[in-house]
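Notes for the one structure printed next.
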Amino acid sequence: MLTIAGTIAAACLALACACCLWRLVRGPTSLDRVLALDTLVMNSAALVVVFTIVHGREEMFELVFVISLLGLVSTLSLARFIETGRFGSDPFEEEGDG
Amino acid sequence: MSRVLPHPVTSVMLLITWVTITDPLSPGHWLLGLVVAWALPFATRGLFDQRIRVRSVPRILAYVALVAFDVFASNLRVTWLILSRGGRQSPVLVKVPLTLRDPFAITALASTISYTPGTVSVDVSEDRTHLLVHVFHTDDPASVVAGIKSRYERRLLEIFPC
Amino acid sequence: MNFTWLPWLALFGALLPGPLRRLRIDPALVAGAVATLGLGLLIRTTPEVVVLGQTLKSSVPWVPSLGLAISLRLDGLGFLMCGLILGIGLLVVLYARYYLKPEEATGRFYGPLLAFMGAMLGIALSENLLLLVVFWELTSISSFLLISFWQFSTDARRGARMALTVTGLGGLALLAGVIWIGQIVGSYELTQVIEHADVLKAHPHYPAVLCLVLLGAFTKSAQFPFHFWLPHAMAAPTPVSAYLHSATMVKAGVFLLARCYPFLAGTELWFYLVTITGMLTLLIGSFLALFQNDLKGLLAYSTVSHLGLITLLFGLDTDLAPKAALLHLLNHAVFKASLFMAAGIIDHETGTRDLRRLSGLFKPMPVTATLAIVAAASMAGIPLLNGFLSKEMFFTETLDADDIFGRSWILPVGATLASVLSVAYSVRFVRQAFFGPPATGLEKTPHEPPRWLRVPVELLVLLCIAIGVAPALLVGDLIHAAASACVQGELPPYTIALWHGFNTPLVMSIVALIGGILVYARRERLFRGVEARLSVSQGRRAFEGIVAALVGSSQRLERALRLDQVTTHLRGLLACAVLVSAWLLLPALARVSPTNTSGDLVLWVLCGVALFALAGVLLKSERPLTAIVYSSIVGLAVTLTFAYLSAPDLALTQLLVELVAILLLLAAVPHFGLPPRDKRSSPVRALDGALALGVGGAVTIGCWLMLSTDVASISRYFLEKSVPLGQGNNVVNVILVDFRGFDTFGEVTVLAIASLGILALFDHLAQRQAPSDLRPRTPLFLQSVTKLLLNLALLTAVFLFLRGHNAPGGGFIAGLTAAVGLVFVYQARNPTGAPARRPASMSRWLAAGVLLAALPGVAAMLFGRAFLTAGHVHLPLPLVGEVHLSTVLVFDLGVFVVVVATVLAILPTLGRLPLGKPTAEEER
Amino acid sequence: MAEVVVSVLLVLGAALALVGSWGVVVLPRFLSRIHGPSVVTTGGLGTLLLASLIWFWFDGGRLTGRELLVSFVLAVTAPITGHALSRAWLARHPKDPVDLGPGRDDS
């Protein structure tokens with residue numbers, strides 16, 4: 001029972017990833033590509049969760065946590081890069097308030 | 001007290017996290033958790049000095065429950081919107097005037113808004129008076145703003161001091 | 001404290017003058033103390049070594065597999081050499097103290113000087129030939145440092161470079177010769193080599209071995225045609241010239257001849273090679289010395305000729321020749337060192353060394369003048385002085401030696417001619433420097449030098465006279481012991497006496513005296529045309545010509561092959577890779593029976609996605625941002641494959657590496673200029689395409705072969721042994737940190753070095769003007785969450801670190817997680833303190849990390865175990881239960897610190913660099 | 001019994017994720033597309049984490065806090081990505097926002 005549900009879920013998630021890839025290839029602006037990447041990361045995290053449940057491999061779980069971390073930092077960096085045209089913040093900017 | 005334990009709230013959170021990921025049953029890990037939960041915020045106190053001051057814990061739980069329900073509901077709503085309208089929505093950018101001042105409270109509000117599908121908080125104005133929010137689909141923006149203020153901001157005001 | 005301490009005393013003593021100077025201890029004092037201590041040690045062994053002629057030996061294994069051992073040997077020969085090194089060394093230290101200006105006489109002078117002394121002692125005492133070569137090279141290096149002591153003068157730098165090149169090449173030849181000897185004889189220990197002397201001499205490779213060893217000796221002792229570097233080494237401060245280039249370093253080559261005498265000499269080839277080179281050097285040296293206008297130049301060429309004389313003596317096949325050579329070695333060191341010091345005094349007092357401007361110095365500096373005259377007389381071989389004794393023996397040996405090219409008169413006549421010339425240039429030196437009208441136009445009015453500057457010269461000249469008057473008493477036993485040690489056999493009795501009756505050698509020396517004076521008097525008429533052409537030494541021009549030719553042709557080659565472009569190197573590299581793998585893999589491919597390689601659907605899909613993303617990266621390479629997004633997808637696909645194949649450790653590592661890679665790429669992207677248009681012509685693109693296909697094919701075949709042949713892989717061993725030995729069930733981490741700890745240690749060090757390099761690079765770039773364009777402030781929203789996330793990331797890092805040994809985790813992964821957390825903070829600029837402190841502090845963290853990694857390794861060695869053996873301890877704590885601690889934890893902590901420091905060293909600085917290429921004027 | 005619940009949740013979660021991704025493909029304007037991942041993360045991943053919690057509670061026999069921890073982290077991080085993206089978009093198109101609601105006057 002569970003394995004069937006697992007395969008269906010995996011198939012849906014694979015399709016979701018395909019959608020993201022499609023948007024990534026077509027995405028007119030690079031922002032779209034970053035969005036697609038973020039969605040793709042979240043989908044693959046979901047895939048890992050499904051895999052953990054179906055195969056009962058508990059130690060895979062840290063992977064989900066780190067993948068979400070990956071999603072966060074990569075999207076954030078890319079977005080900030082697009083916004084400010086520079087990696088990270090620039091300590092030379094005036095020391096404004098926090 | 002604050003010299004020794006700069007961020008009590010963060011320390012508690014770290015302790016709970018440490019114990020959950022290791023093993024809640026073994027006293028050793030509680031001990032180790034205590035050490036780590038104290039050490040890390042103490043080590044990084046040089047960085048931001050955001051003080052998270054919280055007034056009442058039960059209200060937080062209530063708020064979280066509320067948000068959870070809203071998330072579930074709006075998930076369905078947005079899914080329905082995507083499937084039925086397929087792209088012909090009428091999104092709108094609204095500006096929500098804020099009465100909250102505490103930076104962490106504003107962050108909490110913005111997170112809640114972004115977390116619930118259908119609304120994404122885009123930007124906080126320079127002087128922290130307005131919150132720019134993008135709504136996925138609505139024909140009456142004013143009601144969305146009113147909903148946000150009444151439903152979330154009111155509760156957050158009770159939770160956070162200012 | 002016995003004689004074996006001598007070389008190390010001086011070598012490590014070299015480290016003392018610098019630091020001690022800060023404690024206001026005069027470096028000269030330190031050097032002097034080291035030298036006197038050494039002399040004391042040496043003299044303590046006089047009864048056994050000199051009187052009884054025994055040989056003291058000691059040996060400590062160093063690299064047994066190479067046959068290299070620190071085995072030292074003190075025999076008569078070694079004693080003589082060490083005596084010279086330490087004795088004259090002490091005098092030079094004293095002399096330099098007053099010769100050099102106070103700010104010059106620092107650790108930078110005395111350090112290399114002591115190092116040189118240690119190296120020379122090492123050569124004199126080494127029993128193991130390989131060890132001798134090690135010290136040999138050390139002398140070249142320390143002489144390089146000493147010659148170029150006055151860095152501002154180009155002559156000094158050029159002279160030092162030339163000396164290092166010539167002696168270095170000689171050292172290389174010597175090493176080859178020594179290794180060849182080792183192969184033939186089977187051991188590098190001198191005693192064994194001497195026992196197998198006849199085997200060596202009869203060996204077909206003997207000529208080649210001999211040439212190599214002689215090449216080493218002749219370059220070091222400035223024999224013809226390698227003599228040209230010595231005059232240019234005169235650019236060194238006079239104490240250095242007095243010590244290295246007259247008494248000790250140039251004697252190392254001749255000493256080597258003495259050491260190799262028992263097992264290389266005695267053959268026809270040795271006789272011809274050594275004798276002829278010696279004779280040529282003797283004549284050319286003395287001839288050129290006659291025309292040198294610079295005082296030290298004259299002395300330098302005179303040293304060359306005297307070294308030729310000693311080499312000639314070692315070449316002669318008569319029994320007493322080595323004894324005469326060693327006697328002259330001693331005498332020459334004494335009078336030449338005092339002459340150099342005297343020249344130094346003249347230079348110090350008058351400001352110039354040019355003989356044409358110097359004259360009539362006798363009146364202003366009578367004492368120095370008399371000292372110099374006595375020393376010069378000894379050099380010329382005037383009776384009652386030590387020079388005369390060894391010249392007498394030299395003449396007797398040339399008479400007894402058998403004929404060269406069938407004629408017996410060549411040697412004696414040559415010897416006499418050379419001593420005529422030596423008398424001539426000695427007279428010239430004395431006459432022009434001290435007599436005639438008082439000099440005019442000198443920078444400083446000549447007067448007597450400070451009292452202590454003259455004391456070393458007085459001592460040496462006193463020694464000349466003493467040895468001259470009573471040779472047998474003072475040096476008889478020493479020379480006898482040294483000669484018997486050199487010949488390794490019995491010597492016919494010969495007392496070094498002042499008067500051997502009226503015989504032909506006496507006639508020859510009288511002829512030489514008179515001839516010398518006549519030649520000097522008629523100098524202008526005899527050699528009118530010669531002087532002009534000799535002005536510039538052909539040796540230097542030849543040397544520099546060769547170097548210039550080499551550099552020129554390599555530059556032309558580089559332009560021709562367009563080696564300046566990276567792509568060319570890459571193409572070459574890849575082409576070799578394809579060829580080698582084709583040569584190796586294709587035959588293996590034929591032998592392997594194809595097994596089923598049908599991976600299941602998921603793996604094919606993941607592989608497809610990865611390939612698709614890779615294609616994306618390549619196609620979109622001109623738009624860096626898109627390329628980065630595609631590359632992160634590749635990383636994601638690989639991670640999912642690892643996850644699917646249930647390898648959590650690898651998946652975690654891959655993900656974190658992917659993360660940091662993205663951040664690094666992003667930090668670097670703003671600095672990429674617009675990618676240049678692809679200017680490659682179509683055939684070149686075709687070549688590149690083919691190369692790419694080739695490499696891809698090779699890798700695929702390689703993997704496929706590896707997978708389909710069930711080679712007995714060592715993974716089974718690690719799987720079994722991981723828990724019992726490594727006491728941890730996360731095999732990956734146990735391998736990383738315990739079994740293959742040494743590799744990881746290497747990697748960590750390399751990582752640290754690489755980031756230090758980057759830091760240095762960035763420090764240079766970051767100094768340029770900082771950008772002034774303002775950036776929109778970081779969103780408040782981001783900052784407030786950052787603190788929480790940072791703590792979460794650090795918590796995970798600690799968690800991963802602590803459980804590393806038994807579950808996915810470990811220093812590397814934890815390091816990356818922490819680094820990502822810290823970089824995340826850097827993303828959201830924080831108004832209070834900058835998290836990335838000045839990069840310099842990162843270098844301290846890097847060093848700390850490597851040290852931490854090394855600590856357990858060294859600790860294991862203290863317990864007599866091999867480097868990096870892990871120690872485990874199980875602590876039963878009351879409340880907590882059993883805690884398993886291991887030294888591996890400290891090693892892992894070292895890895896952790898290095899990884900974090902590396903990321904934090906690179907990212908913030910890369911982000912802070914001003915954008916755009918440095919414009920032209922900035923570059924200057 | 002638990003297996004049925006978990007299976008249903010699995011499929012539901014995957015479906016939600018698919019719809020979210022589908023939204024990313026279909027929606028015309030960038031700002032609308034931003035809502036796609038928020039659906040995937042909250043709906044899809046949330047449900048799947050719930051499924052994992054239930055499954056390991058019934059099957060594994062002990063209530064593991066990991067799922068809660070991950071969902072907490074997701075709750076904190078997901079909004080940031082959406083926020084960062086929209087800010088980047090705002091920085092690129094300050095002048096023509098879709099349709100400003102009441103009270104929007106400057107910037």
Side-chain angles (χ1 to χ4, degrees), chain A residues 10 14 17-18 20-21 24-25 27 29-38 40-41 43-45 47-48 51-52 55 57-67 69-98, chain C residues 602 605 609 612 616 623 625-626 628-630 632-633 635-636 639-640 643-644 646 648 651-652 655-656 658-659 662-663 666-670 770-772 774-778 780 782-783 789 793 796 800 807-808 817 820 823-824 826-832 834 836 907-908 910-912 915:
Chain A
C17 290
C20 303
L21 279 180
L24 195 127
V25 169
T29 70
S30 46
L31 259 180
D32 294 303
R33 290 197 175 84
V34 174
L35 180 72
L37 174 69
D38 183 45
L40 188 65
V41 166
N43 282 333
S44 45
L47 258 174
V48 171
F51 175 77
T52 320
H55 289 275
R57 299 299 302 266
E58 293 215 4
E59 69 278 6
M60 281 299 158
F61 212 86
E62 278 85 22
L63 221 50
V64 175
F65 172 70
V66 179
I67 288 184
L69 193 64
L70 170 73
L72 163 74
V73 175
S74 57
T75 322
L76 187 80
S77 316
L78 286 163
R80 291 243 336 120
F81 181 78
I82 294 169
E83 179 188 348
T84 59
R86 160 186 292 281
F87 173 74
S89 60
D90 183 354
F92 288 98
E93 67 190 18
E94 24 68 37
E95 294 290 332
D97 55 333
Chain C
V602 172
V605 166
V609 167
F612 164 79
R623 297 183 51 192
L625 207 55
T626 324
I628 290 177
V629 170
Y630 276 114
S632 57
I633 293 173
L636 205 57
T639 314
L640 288 181
Y644 182 71
S646 75
L652 266 176
L655 251 177
L656 288 164
E658 190 60 43
L659 206 53
I662 294 176
L663 298 179
L666 265 177
V669 153
S772 53
L774 293 181
R775 284 277 163 287
R777 249 185 339 90
T778 325
L780 153 92
L782 204 54
Q783 285 165 21
L789 282 177
T796 331
L800 287 174
T817 328
V820 164
V823 163
F824 183 75
Y826 174 76
Q827 288 285 60
R829 186 182 67 81
N830 76 76
T832 47
L907 275 176
L910 200 57
R912 177 177 298 127
L915 291 185

Pick from C/Ala793, C/Pro648, C/Gly635 with the largest number of heavy-atom pairs that fall under 4.5 Å of chain A: C/Pro648

message: Does any backbone or side-chain atom of C/Leu800 lie under 4.5 Å from a heavy atom of chain A? Answer side chain, backbone, both or neither.
response: neither

field: Structural part of A/Val66 lying under 4.5 Å from a heavy atom of chain C
entry: both

message: How long is the straight-line distance from CG of C/Leu625 back to CZ of A/Phe81, given to the nearest 0.5 Å?
response: 6.0 Å

message: What part of C/Leu636 gets within 4.5 angstrom of chain A, counting heavy atoms only: side chain, backbone, both, or neither?
response: side chain

- line: Highest number of heavy-atom pairs under 4.5 Å with chain A among C/Thr796, C/Val605, C/Leu789, C/Val609 belongs to C/Thr796

- line: Checked A/Val48, A/Leu40, A/Thr52 vs chain C; the most non-hydrogen pairs under 4.5 Å come from A/Leu40

field: Residue part contacting chain A, namely of C/Tyr644, when any heavy atom lies under 4.5 Å
entry: both

C/Ile662 vs A/Val73 side-chain heavy atoms within contact, under 4.5 Å: no

message: For A/Leu72, which atoms come within 4.5 Å of any heavy atom of chain C: side chain, backbone, both, or neither?
response: side chain

field: A/Leu21 versus chain C, the contacting section by heavy-atom distance below 4.5 Å
entry: side chain

field: Contacting moiety of C/Leu652, where chain A heavy atoms sit under 4.5 Å
entry: both

field: Step-by-step side-chain contact (heavy atoms from CB on, under 4.5 Å) determination, A/Leu24 to C/Tyr630
entry: CA-CA 9 Å; A/Leu24 195 127; C/Tyr630 276 114; 3.4 Å; yes

Which atoms of C/Val629 approach chain A - backbone, side chain, both or neither, heavy atom under 4.5 Å: both

query: Quick one: what part of A/Leu63 sits under 4.5 Å from any heavy atom of chain C, side chain, backbone, both or neither?
result: both

task: First locate atom CD1 of C/Ile633, then atom CZ of A/Arg33, and finally report the distance between them rounded to the nearest 0.5 Å.
output: 10.0 Å

Straight-line distance of C/Leu666 CG to A/Leu78 CG, nearest 0.5 Å: 5.0 Å

message: Just verifying a value: how many Å separate C/Leu656 CG and A/Leu70 CG, rounded to the nearest 0.5 Å?
response: 8.5 Å

side-chain contact (heavy atoms from CB on, under 4.5 Å) evaluation trace for A/Phe51 with C/Leu640: CA-CA 10 Å; A/Phe51 175 77; C/Leu640 288 181; over 6 Å; no

